[in-house]
Protein chains: 2
Amino acid sequence: MSMENKMPTIREIAKKLQISPSTVSRALHNHHSIGLGTKMRVQELAKKLQYEPNQNAIFFKQRRTFSVGVILPNLSESFFSSAISGIEDFAIAHHYKVLFGQSHDDAIREGQILETMKNFRVDGILVSISKSTTNYDHFKNLKKYNIPIVFFDRIPAMSNINYIACDLEAGIQEAVDFLVSKGHQCIGLINGPNSMLACKERLRGFKNVLKKHNLKQNPSLIVSTDLSQESTYQAMQKLLSLKNRPSAVISFNDYVALDAIQYAKKMKVKINKDISFVSFANLPLSSYIENTPLASIEQFPYEQGKMAMEILLKLVDEGHEKRASKLNYNISLSPKLEIRIQ
Amino acid sequence: MSMENKMPTIREIAKKLQISPSTVSRALHNHHSIGLGTKMRVQELAKKLQYEPNQNAIFFKQRRTFSVGVILPNLSESFFSSAISGIEDFAIAHHYKVLFGQSHDDAIREGQILETMKNFRVDGILVSISKSTTNYDHFKNLKKYNIPIVFFDRIPAMSNINYIACDLEAGIQEAVDFLVSKGHQCIGLINGPNSMLACKERLRGFKNVLKKHNLKQNPSLIVSTDLSQESTYQAMQKLLSLKNRPSAVISFNDYVALDAIQYAKKMKVKINKDISFVSFANLPLSSYIENTPLASIEQFPYEQGKMAMEILLKLVDEGHEKRASKLNYNISLSPKLEIRIQ
DNA sequence: ATGCATATTGCAACCGATTGCGCAAATTCG
DNA sequence: CGAATTTGCGCAATCGGTTGCAATATGCAT
């Protein structure tokens, strides 16, 4: 019995009722020009047949898909999986669908995903760029086709873009303030790759706040890594071997902090005694972890994702109503230092 | 300058070249019936205009979307974020797009997402059902429309379905074998809600393996929770207050284990001395955690997701070639006990 | 009966690409 | 040289809804 139970269409309803498809369409939309009798007959039959409009046909005609693309480095980082929750919640609430892809921090793959999404004619795109992305041509390309993009958290060094991110300068300043108030004078920084804007911001904030506290700037206290475990180990080795070893270290994020702490423990350095840590991200699981950073800078991924989507949908609507404003949304969220251990 | 830079269409290319759209289409597909000259002219102009076919139009015509829906409880659990990585990798490699939604363990929302995806005419759906789903009508509904579904990890109690999951009975047996070999005779089980199939399997496996080892069945050693922290605390309290307190506990997963361990520590019970733990999921972060379960059952989420997608695409192809087989794929993966502490 | 406004409904084009079929010109063959 | 075949290309329908406009019918006033 290959019943091939196709989904019912407007035409089928029309045929059964001996009326035209346009009447059916209007009846289903409660158009005023349709008689009450026909309306009721159409709606009744539609319900009986479990008719559901083919959204694809509608989107195709209206030349929008009611779907947005989300490209992020990976979902295994808790920051991004929280962010996408916020993104998805907001999208669903506004009847948008989410198409997503992970770049795995590979610029090539990022470009491919972007291309796929463009061909799918998503109404807009949300991106947190990969670590390795240095060429932004594929993003510029989209602008030509009026597909709005909103960047979040990981922002490219481009002008005239929409973005939302945490104010990392303020964040790191708060972190240093906290450490100084705890009596630390010699503070190290394990930063990420210099190519990332977020790292440049951390660095700038770090230098500024040291100046504010009249602490001397020691370049060897600042180490860049590629965020891998190995790289973090090397950074820690370098910091621990300094003659004036830092009493506190600020790390790029909690994952890096965990690696750094693991290495320090291996070297018999007492955590939160010989050396203290503060980092970014505020990993939810850290409440289960013994030797955790003293504090971590919460970047509100869920809220950031939600707001990013809100902006994107605003841009999509503007574009659709052909009143494309030339203004860009540049939103900076205030991070919050979550103190775990007083 | 509202350049309204629309994406070029086949018709535009045709007009500029003074030929028909069909010729352009065929030329772009290297159809044999098109002269070499026209082919080259078309392809050249297409490249110059950066023509990209409107996938939506194509999908609409071919009545498939080359996209699949993925519904899972949430992405914050590392199991699911790994799974979706596998899903996405396989999908991308086969030129499919992934549309996804989180049910947040809410059956209503699960149904809504399913409905949205149906209306979007996804080619197939991958589901890991929510904790609270007990009515499966919306899934049965999809079958009528020939939209294939593959369930993974969290399987509904339905017949005639496609699914892939870990053999949890085997897993828990391995876990008990391991604990018995360590000398444990009194083993507790903190299970999830009884409504979940996965919990029933754990329970069955647990009872069977106790019988195998000739250990006495003590019902009070088996506790059900709703997986919340509070509920786990209560479970631990119950277990710890037994007169013959278990020397080892198997928990539903690592998150539950962490809560249980946290509670035990609060009660001054020495972890891995007074009481040992074994659990499911093999959380990646646990290498950083001090008091971790002795062992955890790896369920290979990435592979599971990948295979689930593989099966789904197979079903989609079968359906499209109208040779729908009546066979269901029921795949059981062997889990692996990862021993962290010997 | 005629004129005019209003209430219902249908026709047909459209969104962008694909594809069966037909037609004409060019080529090959007997 | 005429017939058969091949080569190259266009017409038109199609996917499933939407929508401007035309058409018909009905009601009401004059």
Side-chain angles (χ1 to χ4, degrees), chain A residues 4-43 45-46 49-67 118-123 145-146 320, chain B residues 4 6-43 45-46 49-67 95 118-123 145-146 320:
Chain A
E4 272 298 333
N5 216 328
K6 292 261 177 255
M7 295 205 165
T9 70
I10 271 196
R11 259 164 251 273
E12 289 169 34
I13 296 182
K15 209 164 291 171
K16 290 200 203 221
L17 255 38
Q18 305 271 33
I19 54 179
S20 85
S22 37
T23 304
V24 175
S25 172
R26 281 187 261 253
L28 291 172
H29 286 84
N30 265 314
H31 196 278
H32 65 274
S33 81
I34 300 298
L36 197 65
T38 352
K39 247 184 213 172
M40 302 214 348
R41 263 175 292 133
V42 167
Q43 292 178 358
L45 184 58
L49 298 181
Q50 293 198 55
Y51 167 80
E52 294 287 346
N54 183 332
Q55 299 292 2
N56 271 322
I58 299 174
F59 301 158
F60 171 52
K61 175 146 179 56
Q62 305 193 331
R63 290 136 110 219
R64 58 194 299 195
T65 55
F66 284 97
S67 54
K118 188 186 85 185
N119 294 350
F120 192 67
R121 307 293 196 267
V122 291
D123 293 341
Y145 298 120
N146 294 322
H320 203 246
Chain B
E4 272 298 333
K6 291 263 177 252
M7 297 205 162
T9 69
I10 272 197
R11 257 165 254 273
E12 289 169 35
I13 297 182
K15 210 165 288 172
K16 290 201 201 219
L17 255 39
Q18 303 272 35
I19 54 179
S20 85
S22 35
T23 305
V24 175
S25 172
R26 281 187 260 252
L28 290 173
H29 286 84
N30 264 314
H31 196 278
H32 64 271
S33 81
I34 301 298
L36 198 65
T38 350
K39 251 185 212 171
M40 300 213 350
R41 263 175 292 133
V42 168
Q43 292 178 359
L45 184 59
L49 297 181
Q50 294 199 53
Y51 167 80
E52 295 287 347
N54 183 333
Q55 300 291 2
N56 272 322
I58 299 174
F59 300 158
F60 171 53
K61 174 146 180 52
Q62 306 195 329
R63 289 135 112 222
R64 57 195 301 195
T65 54
F66 283 98
S67 55
H95 304 103
K118 188 186 84 183
N119 295 349
F120 193 67
R121 307 294 196 265
V122 292
D123 293 341
Y145 298 121
N146 294 322
H320 204 246

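Here is the naming used below: chain letters follow the sequence lines, and residue numbers restart at 1 for every chain.
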S.K.: List in chain and number order the residues that pass side-chain contact (heavy atoms from CB on, under 4.5 Å) with B:Arg63, two or more places apart in sequence or in another chain; answer none if no residue qualifies.
M.R.: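 A:Lys6.
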S.K.: Checking A:Thr65 against B:Asn56 for the side chain to side chain contact (heavy atoms under 4.5 Å, CB included) test, could you report, in this order, the C-alpha distance in whole Å, the side-chain angles of both residues, the deciding distance, and whether it holds?
M.R.: CA-CA 8 Å; A:Thr65 55; B:Asn56 272 322; 2.8 Å; yes
S.K.: Let me have a per-nucleotide readout for nucleotides 10-18 of chain C, 5' to 3', with B, S or -, counting only protein heavy atoms under 4.0 Å.
M.R.: BBB-BBBBB
S.K.: So if I take residues 33-43 of chain B and measure heavy-atom distances to DNA chain D, which residues fall below 4.0 Å?
M.R.: B:Ser33, B:Ile34, B:Gly35, B:Thr38
S.K.: With sequence neighbours left out, what residues match B:His29 under side-chain hydrogen bond (donor to acceptor under 3.5 Å, both in side chains)?
M.R.: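 Applying side-chain hydrogen bond (donor to acceptor under 3.5 Å, both in side chains) to B:His29 gives none.
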S.K.: Just wondering, do B:Arg26 and B:Ser33 contact through their side chains at under 4.5 Å, heavy atoms?
M.R.: yes
S.K.: Under the side-chain hydrogen bond (donor to acceptor under 3.5 Å, both in side chains) test, which residues partner B:Arg64, sequence neighbours left out?
M.R.: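 By the side-chain hydrogen bond (donor to acceptor under 3.5 Å, both in side chains) rule, B:Arg64 matches B:Tyr96, B:His320.
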S.K.: Suppose we screen for salt bridge (Lys or Arg N to Asp or Glu O under 4.0 Å). Which residues come up paired with B:Lys118, at least two apart in sequence or across chains?
M.R.: B:Glu115
S.K.: In terms of the angle between their ring planes, are B:Phe60 and A:Phe60 parallel, tilted or perpendicular, with boundaries placed at 30° and 60°?
M.R.: tilted
S.K.: Between the two ends of the helix from C:dA1-D:dT30 to C:dG30-D:dC1, what is the bend in degrees, rounded to 10 degrees, where each end axis spans five pairs?
M.R.: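 Between the axes fitted at each end of the helix from C:dA1-D:dT30 to C:dG30-D:dC1 lies an angle of 70°.
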S.K.: I'd like to check the side-chain hydrogen bond (donor to acceptor under 3.5 Å, both in side chains) partners of B:Ser22; sequence neighbours left out, ordered by chain and number.
M.R.: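 In terms of side-chain hydrogen bond (donor to acceptor under 3.5 Å, both in side chains), with neighbours along the sequence ignored, B:Ser22 is linked to B:Ser20.
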S.K.: I would like to know whether B:Ser67 and B:Phe59 meet side chain to side chain contact (heavy atoms under 4.5 Å, CB included); could you show each step before the answer?
M.R.: CA-CA 10 Å; B:Ser67 55; B:Phe59 300 158; over 6 Å; no
S.K.: Please evaluate residues B:Lys39 and B:Asn30 with respect to the criterion side chain to side chain contact (heavy atoms under 4.5 Å, CB included), reporting the C-alpha separation (whole Å), side-chain torsions for both, the decisive distance (0.1 Å), and the verdict.
M.R.: CA-CA 7 Å; B:Lys39 251 185 212 171; B:Asn30 264 314; 3.5 Å; yes
S.K.: Under the side-chain contact (heavy atoms from CB on, under 4.5 Å) test, which residues partner A:Leu28, sequence neighbours left out?
M.R.: A:Ile10, A:Val24, A:Val42, A:Gln43, A:Ala46, A:Tyr51
S.K.: Which is the 5'-most and which the 3'-most nucleotide of DNA chain D that has an atom under 4.0 Å from a heavy atom of chain B?
M.R.: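 Going 5' to 3' along DNA chain D, contacts run D:dG8 to D:dG16.
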S.K.: Who pairs with A:Lys16 by side-chain contact (heavy atoms from CB on, under 4.5 Å), at least two apart in sequence or on another chain?
M.R.: A:Leu45, A:Leu49
